[in-house]
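So the structure is just underneath, and the comments pick up after that.
Chain letters run A, B, ... following the sequence lines, proteins first and then strands; every chain starts at 1.
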Number of protein chains: 2
Amino acid sequence: MRRHYATIKDIAHALNISVSTVSRALRDTYDVSADTRKLVLEMAAKLNYKPNFNATGLVKNSTHNLAVILPGITNYYFSTVFTGIQEIAYSHNYNIILYVTNDDAARELNIIRNLSFSSLDGLLVSVSSQADSCDHFQEIIDDGIPVVFFDRVAAGIRTSKVMQDDYNGAFEATTHLIANGYKKIAHIAGPEGLTFTTSRLNGYLDALRKHGMPIRKKWIIHSGFTQECGENDLEKLWKLNDKPDAVFAVNDRKAVGAIVTLKKKNIAVGKEVGVIGFTNDPMSAIISPSLSTIAEPAFEIGKKSCQLLLNHIKKKNFIPEEIILPGKLIIRESSIRS
Amino acid sequence: MRRHYATIKDIAHALNISVSTVSRALRDTYDVSADTRKLVLEMAAKLNYKPNFNATGLVKNSTHNLAVILPGITNYYFSTVFTGIQEIAYSHNYNIILYVTNDDAARELNIIRNLSFSSLDGLLVSVSSQADSCDHFQEIIDDGIPVVFFDRVAAGIRTSKVMQDDYNGAFEATTHLIANGYKKIAHIAGPEGLTFTTSRLNGYLDALRKHGMPIRKKWIIHSGFTQECGENDLEKLWKLNDKPDAVFAVNDRKAVGAIVTLKKKNIAVGKEVGVIGFTNDPMSAIISPSLSTIAEPAFEIGKKSCQLLLNHIKKKNFIPEEIILPGKLIIRESSIRS
DNA sequence: AAATTCACCGAGAACGTTACCGATTGATTT
DNA sequence: AAATCAATCGGTAACGTTCTCGGTGAATTT
């Protein structure tokens with residue numbers, strides 16, 4: 001049986017004062033003497049008083065809850081972003097309600113539709129990769145709910161966004177492969193339609209163009225983000241007559257898939273075929289040969305997103321900001337010919 | 001500016017009926033005709049009505065929120081457990097408020113103290129490894145809040161618990177090393193005081209005893225759960241005069257640390273020194289030589305914990321259950337002498 | 001001494017919803 | 001024709017909190 005928690009009324013009754021005074025004393029606002037305030041605080045501690053956020057939420061029309069919507073949490077990037085979000089939320093006394101979509105557009109839509117905005121102050125979201133339409137997000141924003149997108153942002157929606165520098169990261173990664181003497185560079189990309197898939201593809205293409213390298217349609221393969229997808233993509237590439245001699249993967253998990261498959265084919269990764277990824281997943285340091293990559297500022301993206309959302313919540317009519325954080329090239333064995 | 005969402009009153013006003021009737025119609029309970037019910041539902045859809053959970057929570061003294069408290073989310077085990085929890089919660093229309101403690105006892109305590117149980121139906125927790133006392137959990141349980149522990153359970157507290165079979169997993173892992181001809185088996189363990197550290201230690205010790213293998217105090221090292229801790233532990237072992245010829249690590253991350261360090265020392269992992277871990281982190285398949293391990297049923301633990309909590313919530317005076325799920329030995333290269 | 005200010009406190013409404021009880025119908029029974 | 005009943009609905013209090021406003025007494029000013 002659930003016991004009854006002490007309320008503001010109980011404190012008032014115990015001290016023989018009014019609930020208004022107790023309320024003011026607890027919030028340390030105006031119109032309350034130091035003496036009574038002390039009494040109230042002591043009594044609150046004694047009765048183990050805990051504020052009822054349902055009640056405050058009702059009257060103030062603001063709870064201290066943020067919702068976070070993510071494709072998944074079982075990978076390095078998203079779990080690290082979440083930790084960053086959590087860090088800021090914790091220091092500002094906000095709670096996080098976490099929803100994972102399993103990268104399923106239908107589930108994402110269902111979650112959004114059932115969201116209770118009366119008990120939510122704002123929304124942080126990284127969209128599912130299969131999302132065909134983003135109207136449901138637009139509706140929420142039109143309703144005045146503060147929303148911040150991160151990493152996988154929805155194009156064409158006017159709100160704050162935080163992402164890594166996908167274009168330049170991809171450009172740098174590809175340039176690095178070129179500088180190391182690889183000449184036939186393939187790209188195993190993410191699902192089409194996602195903003196950052198396009199950005200990384202463009203960075204790759206522009207790097208090739210700048211250095212007059214060949215661009216082959218067949219060397220660009222779109223699929224999902226898993227290691228298995230990376231393995232399949234590489235198998236496809238190696239069925240071609242004109243095989244590439246290097247691979248730039250849209251993320252580390254796919255790059256790991258590529259390395260594993262190359263090793264199975266007894267191809268010397270690095271020496272024969274160069275591989276570079278994107279993320280700096282801890283796995284990239286563990287695998288051998290170790291994987292060169294572009295380190296993403298995942299933790300900072302989380303922190304920044306949450307800070308932005310809190311600003312959004314505090315000032316109504318906050319002007320949307322787009323923040324792009326730089327990545328960092330990390331050179332390991334998989335991209336070195338030596 | 002945040003727009004005002006349609007309330008039950010708006011629906012009542014638009015249809016010129018009372019709020020009580022609308023409330024009953026929306027919940028599809030007794031005392032409402034099919035006709036008015038249809039009208040109400042249509043109007044609700046038209047006005048984009050969304051129930052205010054603060055209000056329902058106030059009167060019903062139950063929200064559809066569960067809190068999950070975890071040491072961290074950036075590793076395979078916890079993120080997978082969480083995904084399992086989320087799966088069950090989602091199908092029962094419960095929201096999850098996630099707190100990460102960063103394995104910091106002070107932070108854990110602070111989170112618990114600030115928890116608003118008026119907007120929480122129950123609690124799922126894996127305790128921080130530094131937790132010296134668990135009185136704060138006992139208080140909550142005494143207050144009648146349903147609590148389920150998983151993985152890292154607090155000893156001496158009477159409530160439901162879900163864990164993997166740590167003892168038998170450790171026993172099996174150690175026996176496997178013995179069967180493969182290793183004779184001087186060390187254990188790099190978790191922090192002392194944690195229940196499963198002890199269970200895995202006991203499984204290790206009993207396996208050694210059963211096969212008449214030597215037990216050396218110096219071959220048992222307690223420290224944290226990170227890869228770095230594994231590296232340090234191995235360095236300590238290799239400073240001994242009487243070095244072990246195999247290592248059973250309390251988890252895969254520490255085992256990876258051990259492998260990395262052994263490789264640095266040009267010691268052939270598997271052939272010279274055997275290593276086995278615990279978890280079946282995806283990393284264990286990636287590293288070379290690949291890491292033998294005990295696979296934990298992380299996803300099932302998450303699902304089971306959440307199911308148990310929901311049962312707890314539904315029936316008051318639910319009798320606490322302890323569920324132990326079996327692990328599975330996965331043999332890879334790191335423990336094979338061939 | 002009267003008027004004004006100040007510091008502090010209390011009463012009551014409001015937030016959106018549900019629960020309880022009573023009222024109103026029309027139909028059915030006696 | 002009177003009484004009973006079932007079906008449907010409305011009024012009101014309650015949940016715990018905050019907010020607005022008005023009130024009290026004391027201190028200060030005129």
Side-chain angles (χ1 to χ4, degrees), chain A residues 2-41 43-44 47-65 93 115-121 143, chain B residues 2-41 43-44 47-65 114-121 143:
Chain A
R2 182 103 165 231
R3 229 168 51 190
H4 182 77
Y5 269 100
T7 72
I8 219 173
K9 287 183 186 174
D10 299 326
I11 300 177
H13 190 255
L15 294 173
N16 207 25
I17 56 176
S18 78
V19 287
S20 333
T21 307
V22 176
S23 172
R24 268 167 302 183
L26 287 173
R27 278 171 302 139
D28 193 17
T29 48
Y30 60 106
D31 273 8
V32 58
S33 74
D35 290 350
T36 50
R37 179 156 182 276
K38 187 157 170 275
L39 281 174
V40 168
L41 257 43
M43 185 57 77
L47 297 180
N48 191 23
Y49 167 77
K50 296 190 177 182
N52 187 316
F53 288 146
N54 284 322
T56 58
L58 237 195
V59 34
K60 302 225 288 185
N61 200 27
S62 115
T63 58
H64 260 211
N65 294 333
N93 266 95
L115 236 39
S116 169
F117 295 109
S118 49
S119 52
L120 239 44
D121 289 358
D143 282 347
Chain B
R2 181 99 167 237
R3 230 168 51 189
H4 183 78
Y5 268 100
T7 73
I8 219 173
K9 286 184 186 174
D10 298 327
I11 300 176
H13 190 254
L15 294 173
N16 206 25
I17 57 177
S18 78
V19 287
S20 334
T21 308
V22 176
S23 171
R24 269 168 300 181
L26 288 173
R27 277 172 301 142
D28 194 18
T29 49
Y30 60 106
D31 271 10
V32 59
S33 72
D35 291 350
T36 50
R37 180 159 181 272
K38 187 159 170 273
L39 282 173
V40 168
L41 258 42
M43 185 57 77
L47 297 180
N48 191 25
Y49 167 78
K50 295 188 175 183
N52 186 316
F53 289 147
N54 285 321
T56 59
L58 237 195
V59 36
K60 303 225 287 185
N61 200 27
S62 117
T63 57
H64 260 212
N65 293 334
N114 287 315
L115 235 40
S116 169
F117 295 110
S118 48
S119 51
L120 237 46
D121 288 358
D143 283 347

* Side-chain donor-acceptor pair under 3.5 Å between A/Tyr5 and B/Asp143, yes or no? ->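 Indeed, the side chains of A/Tyr5 and B/Asp143 share at least one donor-acceptor pair under 3.5 Å.
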
* Exercise: do B/Ser23 and B/Arg27 side chains pair donor with acceptor under 3.5 Å ->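 Yes, side-chain donor-acceptor contact under 3.5 Å.
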
* To do: Extract, from 5' to 3' on DNA chain C, the first and final nucleotides lying under 4.0 angstrom from some heavy atom of chain B.
  => C/dC15 to C/dA19

Output the distance between atom [atom1] ([X]) and atom [atom2] ([Y]), rounded to the nearest 0.5 Å.
| X | Y | atom1 | atom2 | result |
| --- | --- | --- | --- | --- |
| A/Asn54 | B/Asn61 | CG | CG | 8.5 Å |
| A/Thr21 | A/Leu39 | OG1 | CG | 11.5 Å |
| B/Leu26 | B/Met43 | CG | CE | 12.0 Å |
| A/Leu58 | B/Asn52 | CG | CG | 5.5 Å |

* So how far off straight is the helix from C/dA1-D/dT30 to C/dT30-D/dA1, going by the axes through five pairs at either end, to 10°? ->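 Axis angle across the helix from C/dA1-D/dT30 to C/dT30-D/dA1, nearest 10°: 60°.
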
* Asked: Just by protein heavy atoms under 4.0 Å, how would nucleotides 6-19 of chain D read 5' to 3' in B, S and -?
  -> --BBBBB--BBBBB

* Report the residues that fulfil side chain to side chain donor-acceptor pair (under 3.5 Å) with B/Ser116, sequence neighbours left out, ordered by chain and then residue number. => B/Ser118, B/Ser119

* For A/Lys9, enumerate each residue passing the salt bridge (Lys or Arg N to Asp or Glu O under 4.0 Å) test, keeping only those at least two apart in sequence or located in another chain. => none

* **Listed partners of B/Lys60 passing salt bridge (Lys or Arg N to Asp or Glu O under 4.0 Å), at least two apart** => none

* Test B/Val40 against B/Ile11 for side chain to side chain contact (heavy atoms under 4.5 Å, CB included), laying out the working first. => CA-CA 7 Å; B/Val40 168; B/Ile11 300 176; 4.3 Å; yes

